[in-house]
Amino acid sequence: MKNTIKVQRAKKNLTQDDVAKLVGVSRQTINTIESNKYVPSTVLALKLAKVFEVPLEEIFSLEEGDM
């Protein structure tokens, strides 16, 4: 699964730490999601979509090998 969290953060001028505080996780968690080392829970993914004010599908998308 790929994500656009880094792009979304840039659009809102937010740091990883800012996003982490808004969704209630550590900065390291945001970092590992951004670098595709960790797939967030549904709840966390929905919180991120709410912070960035975009549909979930605009942040997360499946890659060819994910299906």
Student: Taking only residues two or more places apart in sequence or in another chain, which ones pass salt bridge (charged side-chain N to carboxylate O under 4.0 Å, His left out) with D17?
Tutor: K21

Student: So, using salt bridge (charged side-chain N to carboxylate O under 4.0 Å, His left out) as the criterion, who are the partners of E53 when residues are at least two apart?
Tutor: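 E53 satisfies salt bridge (charged side-chain N to carboxylate O under 4.0 Å, His left out) with K12 once adjacent residues are dropped.
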
Student: Please find the pair of heavy atoms, one from R9 and one from Q16, that lie closest to each other, and give the distance.
Tutor: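 Where R9 meets Q16 most closely, the heavy atoms are NH1-N, 3.4 Å.
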
Student: What's in the same ILVMFWY side-chain cluster as Y38, cut-off under 4.5 Å, chained through other members?
Tutor: M1, I5, L14, V19, L22, V23, V25, I30, I33, V39, L44, L46, L48, V51, F52, V54, L56, I59, F60

Student: Under 3.5 Å, is there a donor-acceptor pair between the side chain of N31 and the main chain of Q28?
Tutor: no

Student: Among all residues two or more places apart in sequence or in another chain, which pass the side chain to side chain contact (heavy atoms under 4.5 Å, CB included) test with K2?
Tutor: S61, E63

Student: Answer yes or no: does atom CG of N13 have more than 12 heavy-atom neighbours from other residues, nucleotides or ligands under 6.0 Å?
Tutor: no

Student: Is it the case that the side chain of T29 and the backbone of A20 share a donor-acceptor pair, with hydrogens and angles ignored and the cut-off at 3.5 Å?
Tutor: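 Judged by distance alone, no pair lies under 3.5 Å.
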
Student: To check you understand the geometry: which heavy-atom pair defines the closest contact between P55 and A49, and what is its length?
Tutor: C-CB, 4.4 Å

Student: Can you list everything that forms a side chain to side chain contact (heavy atoms under 4.5 Å, CB included) with N36? Sequence neighbours excluded, please.
Tutor: N3

Student: Taking only residues two or more places apart in sequence, or in another chain, which ones meet S35 in a side chain to side chain donor-acceptor pair (under 3.5 Å)?
Tutor: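 Here no residue qualifies.
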
